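This report concerns only the one structure given below.
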Amino acid sequence: MCKRIFLLLFVLIPFSSKAQTIDDAPITNATNPQAIAYMEQGKAKYLEGDYQSAVIAYNKALELQHSLVDAYVQRASAKSILEDYEGALEDYSAVIRLDPENTTAYFYRSYLKHELGFQRDSSLQDINTAITLAPGDAKLYARRAYIKAHTYDLQADQINHESAIEDLDKAIELDSSNPEFYRQRGFSKSQQGETLAAASDFEKAINLDPNNADNYNDRGLIRLKIEDFPGAVEDFSKAIEIRDDQEYLYRNLGLAMYNNKDFYGAIDAYSKAVDLISEELRTKKFDRAFKFKLTNAYIMRGASFVALRKIYEACEDFSQAYELGEKRALNYLKKYCRT
């Protein structure tokens, strides 16, 4: 029988600031009637979900009037949805050149810089400027906290979760009804080792948004950490009730069930994870992230088979993991399987 395998995987979904909506976006500085018509056409196409046509319409508007701030903002939003992030970044920079006090442009340019892997200081500089322009906007502090919690601070020689928590305290002071702020703060507190405080924040997030699967996932991870395995199983199961198409939820549920000695349940959960990851691999490029997910699922399902003395099935899973390049699998193959 194998020793208990306890792999605590913090799988958290980052705070996401998607492209802004333009439902009620005004056209503030257009003077050319034809440019206005193209702006309205672009807005209509955007709201229909035809983002490519929206970009074309905004292009025509800008050809007629280069100083259309709103056209750049709205085109950047459409480009972001189309995953033309470099193009969106250029548009937000154009907005800032034309309107140096445009908080929206600083916010989204900071977001894109961070997501595209720009230097941490450059992304922080933009969000700091946005906060200076709009010190009462809670989401700006939350965004700055996210950057701090997910990039390395060379000056502090660490990821600065303490500073991130301070920003989230401010965000919650300004808006105590946003569950995302509590979820972010819970994450940083968990990284600081403040387990009970983190659990309290995740609890608040659940109370504010009981239909968000990630809130239960995050509390489940805390319960795993304190070895409340039945509670973790309950949370991950609830998350899957809400959203049953996310492989990480099944991997987390499998881990909780394994540690709760429900090996059949763990096998079922990891099997579902394998299916979902395999489906992703049919449509997306095979990279290290997918490789880790899949090999983790195979190894943990194999460990569950070992616990049930189903050695043949276990060896098949360890072999699959080894063929994918997972070196750990070789140790299991040598220990349990004929090689």
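Because the structure is a prediction, the values reported are computed rather than measured.
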Check salt bridge (charged side-chain N to carboxylate O under 4.0 Å, His left out) between [X] and all other residues, then give those that pass, not counting sequence neighbours.
X      : answer
Arg109 : Asp126
Arg97  : none
Lys272 : none

Looking only at heavy atoms, which two atoms of [X] and [Y] are closest? And how far apart?
X      : Y      : result
Ala71  : Met39  : CB-SD, 3.3 Å
Gln246 : Leu276 : C-CD1, 4.0 Å
Leu224 : Ala256 : CD2-CA, 3.8 Å
Ala35  : Ala61  : O-CB, 3.7 Å
Thr103 : Ala134 : CG2-CB, 4.1 Å
Leu98  : Tyr72  : CD1-CE1, 3.6 Å

How far does [atom1] of [X] sit from [atom2] of [Y], to the nearest 0.5 angstrom?
X      : Y      : atom1 : atom2 : result
Ile311 : Glu313 : CD1   : CD    : 9.0 Å
Lys148 : Ile127 : NZ    : CD1   : 10.5 Å
Ile56  : Tyr38  : CD1   : OH    : 11.0 Å

task = State, with a plain yes or no, whether a side-chain heavy atom of Lys204 is found less than 4.5 Å away from one of Pro179.
result = no
inquiry  = Side chains of Tyr332 and Cys337, heavy atoms from C-beta outward: is any pair under 4.5 Å?
reply    = no
Linking Ile, Leu, Val, Met, Phe, Trp and Tyr by side-chain heavy atoms under 4.5 Å, what else ends up with [X]?
X      : value
Ile96  : Tyr106, Leu133
Tyr312 : none
Tyr216 : Ile206, Ile242

With a 6.0 Å cut-off on ring centres, are [X] and [Y] close enough?
X      : Y      : answer
Tyr298 : Phe318 : no
Tyr182 : Phe202 : no
His150 : Phe187 : yes

Can a donor-acceptor pair be found between the side chains of [X] and [Y] at a distance below 3.5 Å?
X      : Y      : result
Arg143 : Ser110 : no
Asn217 : Asp235 : no
His114 : Ser123 : no
Ser304 : Tyr270 : no
Gln74  : Tyr58  : yes
Tyr248 : Asp214 : yes

Can a salt bridge be assigned to the pair [X] and [Y] using a cut-off of 4.0 Å between side-chain N and carboxylate O?
X      : Y      : result
Glu63  : Lys60  : no
Lys238 : Glu234 : no
Lys170 : Glu173 : yes

For [X], check side-chain hydrogen bond (donor to acceptor under 3.5 Å, both in side chains) against everything at least two apart and list the hits.
X      : value
Asn128 : Arg144
Asn331 : none
Asp137 : Lys139
Asp99  : Asn102

task = Begin with the C-alpha distance, continue with both residues' side-chain angles, and end with the deciding distance and a verdict on side chain to side chain contact (heavy atoms under 4.5 Å, CB included) for Asp84 and Ser80.
result = CA-CA 6 Å; Asp84 177 11; Ser80 294; over 6 Å; no
task = Report yes or no: does Tyr141 contribute a side-chain atom to a donor-acceptor pair with the main-chain N or O of Leu174 at less than 3.5 Å?
result = no
inquiry  = Between Asn260 and Val233 (side chain of the first, backbone of the second, donor and acceptor by atom type, cut-off under 3.5 Å), is there such a pair?
reply    = no
Under a 4.5 Å side-chain heavy-atom rule over Ile, Leu, Val, Met, Phe, Trp and Tyr, are [X] and [Y] clustered together?
X      : Y      : value
Val306 : Leu330 : yes
Met257 : Phe305 : yes
Leu140 : Ile165 : no
Leu89  : Tyr85  : yes
Tyr258 : Tyr264 : yes

key: salt bridge (charged side-chain N to carboxylate O under 4.0 Å, His left out) contacts in which one or both residues fall within residues 318-327, not counting sequence neighbours   = Glu326-Arg328
task = Name all pairs fulfilling the salt bridge (charged side-chain N to carboxylate O under 4.0 Å, His left out) condition that reach into residues 184-199, sequence neighbours left out, sorted by first residue then second.
result = Asp169-Arg185, Arg185-Asp201, Lys189-Asp201
Given Arg223, Arg183, Gln184, the one that forms side chain to side chain donor-acceptor pair (under 3.5 Å) with Asp218 = Arg183
query = Once the angle between the rings of Tyr108 and Tyr111 is folded into 0 to 90°, is it parallel (under 30°), tilted (30 to 60°) or perpendicular (over 60°)?
reply = perpendicular
task = Run the numbers on Gln52 and Leu82 for side chain to side chain contact (heavy atoms under 4.5 Å, CB included), then give the verdict.
result = CA-CA 8 Å; Gln52 192 64 57; Leu82 293 168; 3.8 Å; yes
Criterion side chain to side chain contact (heavy atoms under 4.5 Å, CB included) on Glu86 and Leu116, from CA distance to verdict = CA-CA 8 Å; Glu86 294 285 357; Leu116 291 171; 4.3 Å; yes
request  = Count the heavy atoms of every other residue, nucleotide or ligand shown that sit under 6.0 Å from CD of Gln192, and state whether that count exceeds 12.
outcome  = yes
message = Heavy-atom count check: over 12 atoms from other residues, nucleotides or ligands less than 6.0 Å from Phe263 CZ?
response = yes
query = What's the verdict on side chain to side chain contact (heavy atoms under 4.5 Å, CB included) for Leu253 and Arg251, showing C-alpha distance, side-chain angles and the deciding distance?
reply = CA-CA 5 Å; Leu253 176 61; Arg251 285 194 292 122; over 6 Å; no
